[in-house]
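Here the structure comes first, spelled out in structure tokens, and everything after it is commentary.
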Amino acid sequence: MSKPIKHSEANSDFFDRVYQVVRLIPEGRATSYGAIAKYLGAARSSRLVGYAMNGAHVHNDIPAHRVVNRNGMLSGKHHFPPHKSMEQLLSNEGIVVADDQIQNWKNVFWNPEEELRL
DNA sequence: CACTTGACTTATT
DNA sequence: TAATAAGCCAAGT
């Protein structure tokens with residue numbers, strides 16, 4: 001059997017998996033694109049994670065604000081709506097953000113490989 | 001159908 | 001330490 005391809009929807013398994021992981025991020029925590037990518041088995045596809053986030057806005061259960069780059073910097077804050085900025089959402093969960101960067105990032109970092117522990 | 005861009009990361013110079 | 005190159009995959013032009 002080959003693959004059941006839909007003709008109007010891209011069978012982007014990657015994106016769906018990214019969304020699944022992002023949904024699992026607990027409140028008050030955050031993770032990085034690379035961590036998710038690595039968890040999915042493609043550490044070098046971290047760009048896809050970010051790109052997936054770009055399409056995440058159509059989903060309502062994707063806390064994209066909990067996903068930042070590996071430095072804990074809010075690289076995607078410019079893609080958030082003005083009334084609910086990334087920094088505001090994070091701060092709302094108890095995460096301290098200063099200068100577009102998560103403070104105590106090492107502590108806030110949520111590693112799916114460790115937390116989900118396969 | 002080919003080329004460019006993108007919310008990244010790692011390795012190399 | 002900073003700058004550059006390469007790698008990954010999808011969507012847009």
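Below, read A as the first sequence line, B as the second, and so on, with proteins coming before strands; counting in each chain starts at 1. Just so we're clear, the structure is a prediction, and the values are computed from it rather than from any experiment.
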Non-hydrogen atoms of A:Tyr33 and A:Ser46 that approach each other most closely: CB-O, 3.8 Å
Pairing of A:Glu93 and A:Arg29 as salt bridge, 4.0 angstrom limit: no
Donor-acceptor contacts under 3.5 Å from residues 77-90 of chain A side chains, at least two apart:
residue, atom, partner, partner atom, Å
A:Lys77, NZ, A:Asp100, OD1, 2.8
A:Lys77, NZ, A:Asp100, OD2, 3.2
A:Ser85, OG, A:Gln88, N, 3.3

Sidechain-backbone polar pair: A:Trp105 side chain, A:Arg70 backbone, donor-acceptor under 3.5 Å: yes
Residues touching DNA chain B, which here means a heavy atom under 4.0 Å, drawn from residues 18-29 of chain A: none
Span that lies between the P atom of B:dT4 and that of C:dA5, in whole angstrom: 16 Å
Nearest-Å distance for atom pair CG/C1', residues A:Asp13 and C:dA10: 12 Å
Secondary structure string for DNA chain B (Watson-Crick or G-U under 3.5 angstrom, | for other-strand pairs): .|||||.||||||
With sequence neighbours excluded, residues passing ring-ring contact (aromatic ring centres under 6.0 Å, His included) with A:Tyr51: none
Under 3.5 Å donor-acceptor, A:Gln103 side chain and A:Gln101 backbone: yes
A:Ser32 side chain to A:Ala35 backbone, donor-acceptor under 3.5 Å: yes
Check: A:Asn71 main-chain N/O paired with A:Asn69 side-chain donor or acceptor under 3.5 Å: yes
Donor-acceptor contact below 3.5 Å, side chain A:Ser91 vs main chain A:Val96: no
Nucleotides 6-13 of chain B: protein proximity per nucleotide (B base, S sugar-phosphate only, - neither; heavy atom, under 4.0 Å): BBBSS---
Partners passing side chain to side chain contact (heavy atoms under 4.5 Å, CB included) against A:His59 (at least two apart in sequence or in another chain): A:Tyr19, A:Arg23, A:Ile62
